[in-house]
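Read through the structure below, which is laid out as structure tokens, and then see the notes.
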Number of protein chains: 2
Amino acid sequence: MPIQKTTKKEIIATSYQVFRRQGYHRTTLEQLAKATGLTKGVFYHHFKNKEAIMQEVLRTSHSYFSTKVFSIAYQDELPARERMQQMIEASNRILTKDCYGCIFANTALEINHIEKELAQFTRDFFEAWEKAFTHILESEYQPNKARLLAQQIIADIEGSLILVQVHQDKEIIMRAYERTMKHLE
Amino acid sequence: MPIQKTTKKEIIATSYQVFRRQGYHRTTLEQLAKATGLTKGVFYHHFKNKEAIMQEVLRTSHSYFSTKVFSIAYQDELPARERMQQMIEASNRILTKDCYGCIFANTALEINHIEKELAQFTRDFFEAWEKAFTHILESEYQPNKARLLAQQIIADIEGSLILVQVHQDKEIIMRAYERTMKHLE
DNA sequence: GTCTATACACAGATAGAC
DNA sequence: GTCTATCTGTGTATAGAC
């Protein structure tokens with residue numbers, strides 16, 4: 001196995017940051033190249049086209065959420081409230097890293113109605129997130145009520161993330177987390 | 001005043017639909033031209049550039065919301081609950097016309113961090129919306145509590161609109177409206 | 001695996017005729 | 001006010017050398 005200066009993994013990680021900040025259509029391969037310190041040509045060695053890069057980014061990000069965030073929900077030995085708290089903190093670290101925003105929500109709004117392929121990735125992510133919240137809430141609520149509450153929580157968080165960006169006020173998302181915790185009191 | 005086949009107003013109205021559905025960066029002048037039945041050249045007779053079109057679209061849309069939605073909040077002769085109900089119905093008509101989505105939320109996520117000019121339009125819109133909700137809620141809550149509740153309601157609605165698009169399930173936004181009405185019971 | 005060079009398409013924008 | 005034609009820049013993508 002010879003040396004490879006920049007791994008595919010690193011390209012994905014850097015591309016994730018650019019896509020999350022700028023969105024899909026606004027981001028050019030030139031920008032991705034500059035951000036990774038490579039040239040455009042390299043990207044076509046690793047990926048078929050621009051959309052394939054985005055797909056890998058979303059797949060990797062979803063996987064990261066699964067490991068670092070969603071998994072917390074299923075540690076049934078911990079009390080529900082504790083899991084909720086930890087899961088919120090874990091997701092918050094990701095959603096507020098460098099800037100405030102969720103690449104899946106951004107992508108959903110930017111490409112829905114249009115690119116069916118990418119839409120599936122956002123759908124998968126939100127379903128997994130909803131399942132995680134639902135699992136925690138089922139310790140106190142009936143399954144269907146728990147599912148609706150999970151959706152409400154996600155809507156609250158994502159909506160608040162929009163408002164954080166609009167008003168440049170981080171407190172908005174903190175209050176959303178407080179409301180979320182109130183569901184387990 | 002000679003005949004003008006297509007008024008600026010009509011161009012804005014059609015452009016609004018395309019921008020709302022496709023987003024800013026994905027929409028091309030060619031598409032706007034086709035949608036209005038005109039050619040690209042015509043747009044540069046009316047507007048300085050693409051961003052100027054978007055600015056006019058947002059300005060006009062904000063103005064439309066002010067007249068059709070926000071104004072309801074200030075009809076103090078009506079009971080608060082009645083105003084809330086009517087305002088939700090009015091905004092829902094706009095946000096679910098043709099497709100589900102809010103052009104201001106879409107634009108905020110797509111262009112924030114970047115275009116400062118357009119960001120101001122989204123900020124103005126959300127402030128006006130918040131003020132309207134706050135005014136209604138102040139009939140039952142302390143001013144600061146009313147403002148926080150107004151923000152929560154907007155976050156809930158916008159977050160739910162994302163989830164409607166992701167899951168293709170209209171019921172999600174209807175439940176957000178029910179939660180909103182619960183604040184005045 | 002990375003680079004340079006380049007092809008190709010198309011977007012935004014302008015000029016000028018009608 | 002609308003059109004056609006065109007310029008210019010830039011974005012995606014490919015080819016081929018190192």
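Below, chain A is the first sequence line, B the second, and so on; all start at residue 1. Values below: all heavy atoms of this structure, side chains included; hydrogens, waters and symmetry mates excluded.
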Identify all side-chain donor-acceptor contacts of residues 157-165 of chain A below 3.5 Å with residues at least two apart in sequence or on another chain.
{"from": "A:Ser160", "atom 1": "OG", "to": "A:Asp156", "atom 2": "O", "distance (Å)": "2.7"}
{"from": "A:Ser160", "atom 1": "OG", "to": "A:Asp156", "atom 2": "OD1", "distance (Å)": "3.4"}
{"from": "A:Gln165", "atom 1": "OE1", "to": "B:His113", "atom 2": "NE2", "distance (Å)": "3.4"}
{"from": "A:Gln165", "atom 1": "NE2", "to": "A:Tyr100", "atom 2": "O", "distance (Å)": "2.9"}

[X] has an atom [atom1]; how far is it from atom [atom2] of [N], in whole Å?
| X | N | atom1 | atom2 | answer |
| --- | --- | --- | --- | --- |
| A:Glu115 | D:dT12 | CD | P | 13 Å |
| A:Leu32 | D:dT12 | CG | P | 8 Å |
| A:Leu38 | C:dT4 | CG | C1' | 14 Å |
| B:Glu51 | C:dG12 | CD | P | 12 Å |
| B:His45 | D:dG1 | NE2 | P | 4 Å |
| A:His46 | D:dA13 | NE2 | P | 16 Å |
| A:Gln31 | D:dT10 | CD | P | 12 Å |
| A:Phe43 | D:dA13 | CZ | C1' | 14 Å |

- Item | A:Lys50 side-chain proximity, nearest of D:dA13, C:dA13, D:dG1 |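 Looking only at heavy atoms from C-beta outward on A:Lys50, the closest nucleotide is D:dA13.
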
- Task: Could you tell me whether the phosphate oxygens of C:dA13, OP1 or OP2, come under 4.0 Å of any side-chain nitrogen or oxygen in B:Tyr44?
- Result: yes

- Item | side-chain N/O B:Thr39 vs D:dT2 OP1/OP2, d < 4.0 Å |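 For D:dT2, OP1/OP2 do not have a side-chain N/O of B:Thr39 under 4.0 Å.
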
- Got a sec, which pairs hit side-chain hydrogen bond (donor to acceptor under 3.5 Å, both in side chains) with one end in residues 82-95 of chain A, sequence neighbours left out? A:Asp76-A:Arg83, A:Glu82-A:Gln86, A:Gln85-A:Glu89, A:Asn92-A:Tyr177

- Does anything in residues 16-39 of chain A pair up under salt bridge (Lys or Arg N to Asp or Glu O under 4.0 Å), and if so which pairs, sequence neighbours excluded?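 Non-adjacent pairs meeting salt bridge (Lys or Arg N to Asp or Glu O under 4.0 Å): A:Arg26-B:Glu115, A:Glu30-A:Lys40.
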
- Note on the structure: For residues 160-171 of chain B, the salt bridge (Lys or Arg N to Asp or Glu O under 4.0 Å) pairs (sequence neighbours left out) are none

- Rounded to the nearest 0.5 Å, what separation is found between the CZ atom of B:Phe65 and the CD1 atom of B:Ile94? 4.0 Å

- Comparing nearest nucleotides in DNA chain D, the 5'-proximal residue of the pair B:Ile11, B:Lys40 is B:Ile11

- Task: If the plane angle is over 60° it's perpendicular, under 30° parallel, otherwise tilted; pick one for A:Phe104 and A:Phe125.
- Result: parallel

Donor-acceptor pairs under 3.5 angstrom involving side-chain atoms of residues 127-134 of chain B: please list them, not counting sequence neighbours.
{"from": "B:Glu130", "atom 1": "OE1", "to": "B:Gln151", "atom 2": "NE2", "distance (Å)": "3.3"}
{"from": "B:Thr134", "atom 1": "OG1", "to": "B:Glu130", "atom 2": "O", "distance (Å)": "2.6"}

- Which parts of residues 12-30 of chain B get close to DNA chain C, meaning a heavy atom less than 4.0 angstrom away? B:Thr27, B:Thr28, B:Leu29

